[in-house]
Protein chains: 2
Amino acid sequence: MADLARVAGVSKITISRALSDSPLVNRETRERLQALAQKLGYKLNVSARNLRLRRSHTVAVIVEMKPSHDRTMLDPYPLILLGGISQELTAHGYSVLLTTRQGATAAAVQAADGLILLGQGSRQDAVRRFDKLGLPMVVWGAPGEGDEHVVVGSDNRQGGSVVADHFIALGRRNPVFVGNPNHPEIFDRLNGFVDALAAHGVKPLLIRRDEFTLASGMDAMYSLTERKVPFDAVFACSDLLAMGAIRALNKLGRGVPGDVSVVGYDDMPLAATALPPLSSVRQDWQEGGTLLARKVLAMIGDKTVNSEVLPVELIVRET
Amino acid sequence: MADLARVAGVSKITISRALSDSPLVNRETRERLQALAQKLGYKLNVSARNLRLRRSHTVAVIVEMKPSHDRTMLDPYPLILLGGISQELTAHGYSVLLTTRQGATAAAVQAADGLILLGQGSRQDAVRRFDKLGLPMVVWGAPGEGDEHVVVGSDNRQGGSVVADHFIALGRRNPVFVGNPNHPEIFDRLNGFVDALAAHGVKPLLIRRDEFTLASGMDAMYSLTERKVPFDAVFACSDLLAMGAIRALNKLGRGVPGDVSVVGYDDMPLAATALPPLSSVRQDWQEGGTLLARKVLAMIGDKTVNSEVLPVELIVRET
DNA sequence: ATTGCGGATGATATCGATAACAAATGGAAG
DNA sequence: CTTCCATTTGTTATCGATATCATCCGCAAT
C-alpha cells in the first residue's frame, strides 16, 4: 500500500480510503487509485486489516466428521448445508473456516467472529463447550427446551405430523415409527407424529433402530412380524430405512402400498426412482445453510436473533 | 501478551518465546509462563502473528458446489475428502478455508498459503485461473498430459482395467461402458477398460450417458436393446447407473449376473445391500484427502512434489 | 584483575492496514 | 477583507506479535 501511495503520489491513508470506497476521497482520485491498484496487482493484506480492525471476518463451521458416530458423513446433506452457508457468508465478505470437532481447539477457531455447529447430533456437551468461547454461535438441529443458544433446523414436529395426517387420510390405524429417538431431531419427529395421531385416537408403535441403513430397516420389519404386532403403516426416519422396510415387507408377502403404507425422510435422489417410488419428507438444506449464515452475521452485528424452524414438505409418491 | 508480561514481571518477548516453546528461555520460567497464560485464559492473536510472520497458516479448499453442473453435491464423497484434508491440515497447525468457485476471488483466498481444488470436473479453465495466483496448488482429479500442476486422484485407468480383467475372467466377450468420457476421470476409466480388454482381443461398446442417475442407467439398457446390440457385461461409471442398468435388464427379461455381469463405481453404502448386492470399484477418499493435504503442506515447505495416483479396489459381490 | 564466553532476558523496529485528529484548499457569507 | 465551513488530503499512533540486535550476569581462563 505504501508502494501504491508512492507511485500515485498520495499518502497511504488515501489509498486505504479509496480502496474501501470511502466517500471521504474525491470520486475521480478514488477511481484513479482503484484502477492503479488493479493494474499493479495490489492485494490487500488480510492479516493486517484484521489486526487493526480486531475482527477476523471469519466464521468457523464445526462439522462432526466421524463416519462412525452418526450418519453425518454418509449422506450429502451436510455438504449442501455447507454450500448454503458458504454462499451467504462470502456474499457478505466473510470466510468459512472449516473444522472438525477435534481441530476446534486450534487458535484459528478462537479467532473467528462467529461459530456454526453442524451435525453435533445428540451431544449437548459439544454445544456447551463451544458456548464457553463466548462467540456468536448458531447451531443446526432441534431446539431443546432450556437452551439459550440460537438454533436453526427444519421443523421435525411438522415432519412427524404431516406423515401422521397422511396416514390418517389413507385410513391407517396401526402405524409404526422406526428410528432412534435419542437424536433430538428424531425425538421431535416422533412427538409430532404421536401428537397428530392422538388427535384421531390413534397410538403408534415405536420401534427403535440406531442405524440408518437398509439392513436396519429390514430388520425392523422382521422383528415386528416375529412379535406378531399388527401394523399397516411405517414412518421411517430415513429413506434407506424405508427402502429396507419395503424390501422386507415384500419378502414377507405384504404389499406396499396395498397392505402397508411407507414414508421415508430426506427425500434423497434415489427415493424418486426407487421401486416403488418412495414417499418422503423433504427438508430444504440449502435454505437452512443460508439461514444459519444470516443468523450468525446478525449476531456478529450485535442484533438480537431468535431460533427458527424451517417448514418441511411431504412428497407423496406411491408408497 | 503485554498484560501477561506485566503480571509475570518479564518482557513481552519472553512471553512470546515461552509460549512457542523456544529453548532460549529457561525451562522453569518457560513452564511458569505457560501455566500463567493458561490460567489467565490468554489467546494468541492469530492476525498479529500472521502479519508478522507473513504467512496465514491457511489452505483454501475450492469446491464445486453447483448441484446442477456435476454430481458433486449429490454424493457424500467430497465431504469425506474434506474430512481427510481437514484432519491432516489441522494436525499441522493449518486451517481450512472453504470456498466455492464464486467466492474464490475474495481477499481471504489470495491470502492463503496454499490451494486445494476439488470437483472442478472437466473445466481446466478453473485450474488455470487459480494457477495465476502463484500459490502452491494441488488438484484432485485425473492428471492430464501437459499440465504442470500437481494432481492427486485415484487410479481411474486401473479402475477400468480391473473391471476388464474381471469380465474376461468371467468369459464375457461383449462388454459395454456406460458414462460420460468428457470427464477426465471417466475418460481414464474408459481407456483402462479398453486397453485391458484389447489384450484379450475384446472391443467394448461405449454408450454415453451424461447423468449419474438410476433413470439414466435404465435408459442406456433400453437403448442398447432397441438397437439390437449384443452385450453380456456392463461397466457403469457410478453405482446408481449400475443399479438402473440392473433394473432395466430385469425388466427386459435378462438375468444379472446370469445373462449380464454388471459393475458399478464408488461402492456407495447402498451397493452392498442392493438386490442383488452390487459389485463395484472402491476408491479411498479419506486417504485421498490426507494425501492432498500432505502435498500442499510439502509445497508450502518448498519441497518438490509429484502427482500421485491412489490404487482402487474391485469389490466383487454378486453382479 | 581482566578478558572471554555462554545462557538468559530485554529494547526496539517491524509486519500492513486503519482510526483519530490535523491541516490545507476553495468558496460563500458577513 | 476577514471569517467560517465543507471538502479533501495528510500525520501520527495503534492493533499484537516476533526478528534482530543489544545487554546483563556469572564463571572460568589468562
Side-chain angles (χ1 to χ4, degrees), chain A residues 1-38 40-58 93-95 106-113 135 300, chain B residues 1-38 40-58 93-95 106-113 135 300:
Chain A
M1 204 171 241
D3 296 347
L4 263 186
R6 206 172 310 117
V7 174
V10 296
S11 70
K12 285 194 302 174
I13 188 67
T14 305
I15 300 283
S16 171
R17 290 202 260 244
L19 295 185
S20 56
D21 270 330
S22 159
L24 280 177
V25 331
N26 187 325
R27 177 127 55 96
E28 284 169 35
T29 40
R30 198 193 318 166
E31 281 163 4
R32 181 172 63 93
L33 296 179
Q34 287 177 357
L36 185 70
Q38 177 78 33
L40 299 188
Y42 163 80
K43 304 268 158 60
L44 178 77
N45 181 317
V46 188
S47 299
R49 185 193 41 152
N50 289 345
L51 172 58
R52 183 68 241 240
L53 297 180
R54 302 151 145 277
R55 286 185 302 168
S56 64
H57 282 278
T58 290
Y94 275 73
S95 317
V109 171
Q110 304 168 334
D113 292 337
L135 292 173
I300 291 172
Chain B
M1 207 172 240
D3 297 348
L4 264 186
R6 207 171 311 117
V7 174
V10 296
S11 71
K12 285 195 302 176
I13 187 67
T14 305
I15 300 283
S16 171
R17 291 202 259 245
L19 295 184
S20 56
D21 270 330
S22 160
L24 280 177
V25 328
N26 186 322
R27 178 126 56 98
E28 284 169 37
T29 40
R30 199 193 315 166
E31 281 163 4
R32 182 171 63 95
L33 296 180
Q34 287 178 355
L36 185 70
Q38 177 78 31
L40 298 188
Y42 165 79
K43 303 272 158 56
L44 178 78
N45 182 318
V46 188
S47 300
R49 184 192 41 148
N50 289 346
L51 172 58
R52 183 67 240 240
L53 297 180
R54 300 151 147 277
R55 284 186 302 170
S56 64
H57 283 276
T58 290
Y94 275 74
S95 319
V109 172
Q110 304 167 333
D113 293 337
L135 292 174
I300 291 172

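Sequence lines set the chain letters: A, B, ... in the order given, protein chains first and strands last, and positions in each chain run from 1.
- V7(A) has its side chain within reach of L36(A): a pair of non-hydrogen atoms, C-beta onward, lies under 4.5 Å apart.
- As a whole-Å value, the separation of L33(A) CG from dT8(D) P is 14 Å.
- Using a 4.0 Å cut-off on heavy atoms, the residues of residues 44-56 of chain B that approach DNA chain C are L51(B), R52(B), R54(B), listed by number.
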Distance-only criterion, 3.5 Å: show the donor-acceptor pairs between side-chain atoms of residues 45-53 of chain A and protein atoms not counting sequence neighbours.
residue: N45(A); atom: OD1; partner: S47(A); partner atom: N; Å: 2.9
residue: N45(A); atom: OD1; partner: A48(A); partner atom: N; Å: 2.9
residue: N50(A); atom: ND2; partner: V46(A); partner atom: O; Å: 3.4
residue: N50(A); atom: ND2; partner: S56(A); partner atom: O; Å: 3.4

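- In this structure, Q34(A) and Q38(A) have side chains that are not in contact, with every pair of non-hydrogen atoms separated by 4.5 Å or more.
- Between D3(B) atom CG and dC15(D) atom P there is a gap of 11 Å when expressed in whole angstrom units.
- Applying a 4.0 Å cut-off to non-hydrogen atoms, the residues of residues 8-25 of chain A that approach DNA chain C are K12(A), I13(A), S16(A), listed by residue number.
- Put simply, CZ on R55(B) and CD1 on I300(B) are 9.0 Å apart, with the number rounded to the nearest 0.5 Å.
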Requested in this report: Given side-chain contact (heavy atoms from CB on, under 4.5 Å), test Y42(B) with I15(B) step by step and report yes or no.
Outcome: CA-CA 11 Å; Y42(B) 165 79; I15(B) 300 283; 5.8 Å; no
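- Residues L33(A) and L4(A) are not in side-chain contact: their nearest non-hydrogen atoms beyond the backbone lie 4.5 Å or more apart.
- Here the C1' atom of nucleotide dT9(C) and the CZ atom of R32(B) are 12 Å apart, to the nearest Å.
- The closest side-chain heavy-atom distance from L44(A) to L19(A) is not below 4.5 Å.
- In this structure a side-chain-to-backbone donor-acceptor pair under 3.5 Å is missing from S16(A) to K12(A).
- Spacing between atom CZ of R30(B) and atom C1' of dG7(C) amounts to 13 Å, rounded to whole angstrom units.
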